[in-house]
Colleague: 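I'd like to ask some things about the structure below.
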Amino acid sequence: MLDIKLIRTNPDQVRAGLAKRGVEALVDELLQLDQERRDQLTMVENLKNKRNVVSKEVGRLKAAKVEATNLINEMKIVNDQIKKLDGEIKEIEEKISSMLFSIPNLPQEDVPVGKDEKENKEIRRWGEPRKFSFDPKPHWELGENLEVLDFDRGAKLSGARFTVLKGLGARLERALVNFMLDLHINKHGYTEIFPPFLVNRDCMVGTGQLPKFEEDMFKVNPGEYFLVPTAEVPVTNLHREEILELESLPKKYVAYTACFRAEAGSAGRDTRGLIRQHQFNKVELVKLTTPENSYQEHGALVHDAEKVLQLLGLPYRVVLLSSGDMGFSASKCYDLEVWLPSFGVYREISSCSNFEDFQARRANIRFRREPDAKPEFVHTLNGSGLAIGRTVAAIMENYQEKDGTIMIPEVLIPYMGSIKVIK
RNA sequence: GGAGAGAUACCCAAGUUGGCUGAAGGGGACGGUUUGCUAAACCGUUAGUAGGAGCAAUCCUAGCGAGGGUUCGAAUCCCUCUCUCUCCGCCA
């Protein structure tokens, strides 16, 4: 959520920022509503003050057994006015907040301006895509042949975009979760969190999934719960409505969760394989930090995610997303894209965003510099470290042999019970 | 799911014949006096927050779990909801 005060004092900056995203901003309408709200507020607060003062007077008169009917009748009229104004203000405020909740974050200055992913900027590459002496197979073929991926039965159990992992496929999935968690906990200093997979509406609003993207979410009844689309939601919201100590920052959390996405609007895309599923596993990194440190932390977070790919020996590149390709809440975002031989392209496997104070303002997550200082919003960041399903796909494709077997990357062998090859 | 109890400031806790109580009293924290040093004792300070007006000092509004209602006036009365605790039932 953008700061209404920023819009009030710096409307042109807001217009320009949103224009980079290709978003037509309702800045003028917002400014007008804001002015209206403040005018009404001043009026109603004066009336409330009058009511408070007169009511005390009435109490005093009654205690002294003095007639106060006139004052009481006068206040009845004032009350009617207050009620009317309060109603109007509430309406205006609802309009303002629903508009604010639907306006995306402003891109950071060095984000390339562009319509979509075509204008993303490649930052660096790591690793050399392997030269195959045979035609590399897509992971779904390899997985079905080895009987470690079962798409048909996934469809039988649930439907399209669900997959059953079996035997060493399931084992590989679990090994990757543990490997990634251990790496980030032991080597990168993150604290492990195991959050609920169902969260309430406030959490979803806090991190920006709602109200705008409800059709992308799975909603669960009874009760009003949402299946988490990413661990970002519960983990960032751990500190919703809290004021943190400066010394406790940065907070660095790593969490494994299953992730659930309705994938509305993705019909026909990535219909085969593990790339786009309604349910997938992910290890997610989340940081809460001070504004002055957030970009340094952002860079470090990207490196922490990259380390996973490096240790797994998977070639990848780092891409800085253009203003048009960034998520709703992000101010700046790097994607890690892993090499997938059967596709012959780099595919997103991690998305590392700095949200600055956009989520913090929604979720009201603040910190205090000094014991008496005014609370300020933290900056929130997160990144996949990594998406497990896509990592499985990448390992299968990059480590496949001519006979259709799959070598296990060195660092995973201990997590695979010393098994070195899936055959 | 059934029965009951509760939610008040950093913590504990008083406050239901509605009216100088936005909140007694403890504890803690902070400051001070005393002291060779500690301790004790004594004195003082201690809602935070959000919003609005103002150049500012400052003032106003909201706020006793949340949201409504009654009333000139609500921590106090009424309704709805959430969460916590105890007992019973069920359950991994």
Colleague: Considering only the C1' atoms, how many Å lie between B:U35 and B:G51, rounded to the nearest integer?
Modeller: 49 Å
Colleague: With C1' as the reference atom in both, quote the distance from B:G15 to B:G22 in angstrom, rounded to an integer.
Modeller: 13 Å
Colleague: Only counting residues at least two apart or in another chain, list the ones meeting ring-ring contact (aromatic ring centres under 6.0 Å, His included) with A:Tyr316.
Modeller: A:Trp126
Colleague: Extract from the structure each pairing of a protein N or O with an N or O of nucleotides 51-55 of chain B at less than 3.5 Å, listing the distance.
Modeller:
residue, atom, partner, partner atom, Å
B:G51, O2', A:Arg37, NH2, 3.0
B:G51, N2, A:Glu45, OE1, 3.1
B:G51, N2, A:Glu45, OE2, 3.3
B:G52, OP1, A:Arg8, NH2, 3.0
B:G52, O2', A:Thr42, OG1, 3.3
B:A53, OP1, A:Arg38, NH1, 3.3

Colleague: Students often mix this up, so state it plainly: with edges at 30° and 60°, are the rings of A:His184 and A:His188 parallel, tilted or perpendicular?
Modeller: tilted
Colleague: Expressed in angstrom and rounded to an integer, what is the separation of A:Glu242 atom CD from B:C10 atom P?
Modeller: 14 Å
Colleague: Hey, which sits more toward the 5' end of RNA chain B by its nearest nucleotide, A:Arg368 or A:Lys50?
Modeller: A:Arg368
Colleague: Check A:Arg8 with A:Asp34, please: is the shortest side-chain N to carboxylate O separation under 4.0 Å?
Modeller: yes
Colleague: Which residues pass the ring-ring contact (aromatic ring centres under 6.0 Å, His included) test with A:Phe197, sequence neighbours left out?
Modeller: A:Phe194
Colleague: If we take the P atom in both B:U38 and B:U46, what is their distance in whole Å?
Modeller: 27 Å
Colleague: Would you please say whether a donor-acceptor pair under 3.5 Å links the side chains of A:Asn364 and A:Arg362?
Modeller: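 No, no side-chain donor-acceptor contact under 3.5 Å.
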Colleague: Mark up nucleotides 71-81 of chain B, 5' to 3', with B wherever a protein heavy atom is under 4.0 angstrom from a base atom, S wherever such an atom reaches only the sugar-phosphate, and - elsewhere.
Modeller: -BS--------
Colleague: To the nearest Å, give me how far apart CD1 (A:Ile243) and P (B:U49) are.
Modeller: 7 Å
Colleague: Using the criterion of both pairing distances under 3.5 Å for Watson-Crick and G-U wobble pairs, give all stems of 3 or more consecutive pairs involving RNA chain B.
Modeller: B:1-7 with B:82-88, B:10-12 with B:25-27, B:28-33 with B:41-46, B:49-53 with B:58-62, B:65-69 with B:77-81
Colleague: Suppose you measure atom P in B:U34 against the same atom in B:G19; what distance do you get, rounded to whole Å?
Modeller: 45 Å
Colleague: Between B:C55 and B:G6, how far is it from one C1' atom to the other, in whole Å?
Modeller: 50 Å
Colleague: If the C1' atom of B:G18 is compared with that of B:C72, how far apart are they to the nearest Å?
Modeller: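 The same atom, C1', in both gives a distance of 12 Å.
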Colleague: Side chain of A:Asn52, heavy atoms from C-beta onward: which of B:A62, B:U49, B:C60 has the nearest atom to it?
Modeller: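 It is B:A62.
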Colleague: Please name the residue in the list A:Phe213, A:Phe101, A:Phe355 that meets the ring-ring contact (aromatic ring centres under 6.0 Å, His included) test with A:Phe328.
Modeller: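 Single ring-ring contact (aromatic ring centres under 6.0 Å, His included) partner of A:Phe328 among A:Phe213, A:Phe101, A:Phe355: A:Phe213.
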Colleague: Test A:His278 against A:Arg261 for side chain to side chain contact (heavy atoms under 4.5 Å, CB included), laying out the working first.
Modeller: CA-CA 5 Å; A:His278 285 310; A:Arg261 299 186 182 177; 5.7 Å; no
Colleague: Is it the case that the side chains of A:Lys282 and A:Thr230 hold a donor-acceptor pair, with the cut-off being a distance below 3.5 Å and no angle test?
Modeller: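 Their side chains do contain a donor-acceptor pair, which is all the 3.5 Å distance test asks for.
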Colleague: Only pairs under 3.5 Å count here: list side-chain donor-acceptor contacts from residues 14-31 of chain A, not counting sequence neighbours, and write none if there are none.
Modeller:
residue, atom, partner, partner atom, Å
A:Arg15, NH1, A:Asp12, OD1, 2.6
A:Arg15, NH2, A:Asp28, OD1, 2.7
A:Arg21, NE, A:Asn105, O, 2.6
A:Arg21, NH1, A:Met326, O, 3.4
A:Arg21, NH1, A:Gly327, O, 3.2
A:Arg21, NH2, A:Asn105, O, 3.4
A:Arg21, NH2, A:Gly327, O, 3.0
A:Arg21, NH2, A:Ala330, O, 2.7

Colleague: For A:Lys48 and B:A62, give me the distance from atom NZ to atom P, rounded to whole Å.
Modeller: 6 Å
Colleague: A:Glu245 has an atom CD; how far is it from atom P of B:C10, in whole Å?
Modeller: 13 Å
Colleague: Which heavy atom of A:Ser266 sits nearest to which heavy atom of A:Arg276, and what is that distance?
Modeller: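 Of all heavy-atom pairs spanning A:Ser266 and A:Arg276, the closest is CB-CD, 3.7 Å.
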Colleague: We want to know whether A:Asn200 and A:Tyr225 form a side-chain donor-acceptor pair, criterion being a heavy-atom distance below 3.5 angstrom.
Modeller: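 Per modelled atom types, A:Asn200 and A:Tyr225 side chains form no pair under 3.5 Å.
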Colleague: Between B:U86 and B:C30, how many Å separate the two C1' atoms, rounded to a whole number?
Modeller: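 Here B:U86 and B:C30 have their C1' atoms 39 Å from each other.
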Colleague: When rounded to the nearest Å, what value does the distance between C1' atoms of B:C79 and B:G27 take?
Modeller: 37 Å
Colleague: Regarding A:Glu356 and A:Tyr295, do their side chains bring together a donor and an acceptor under 3.5 Å, going by distance alone?
Modeller: yes
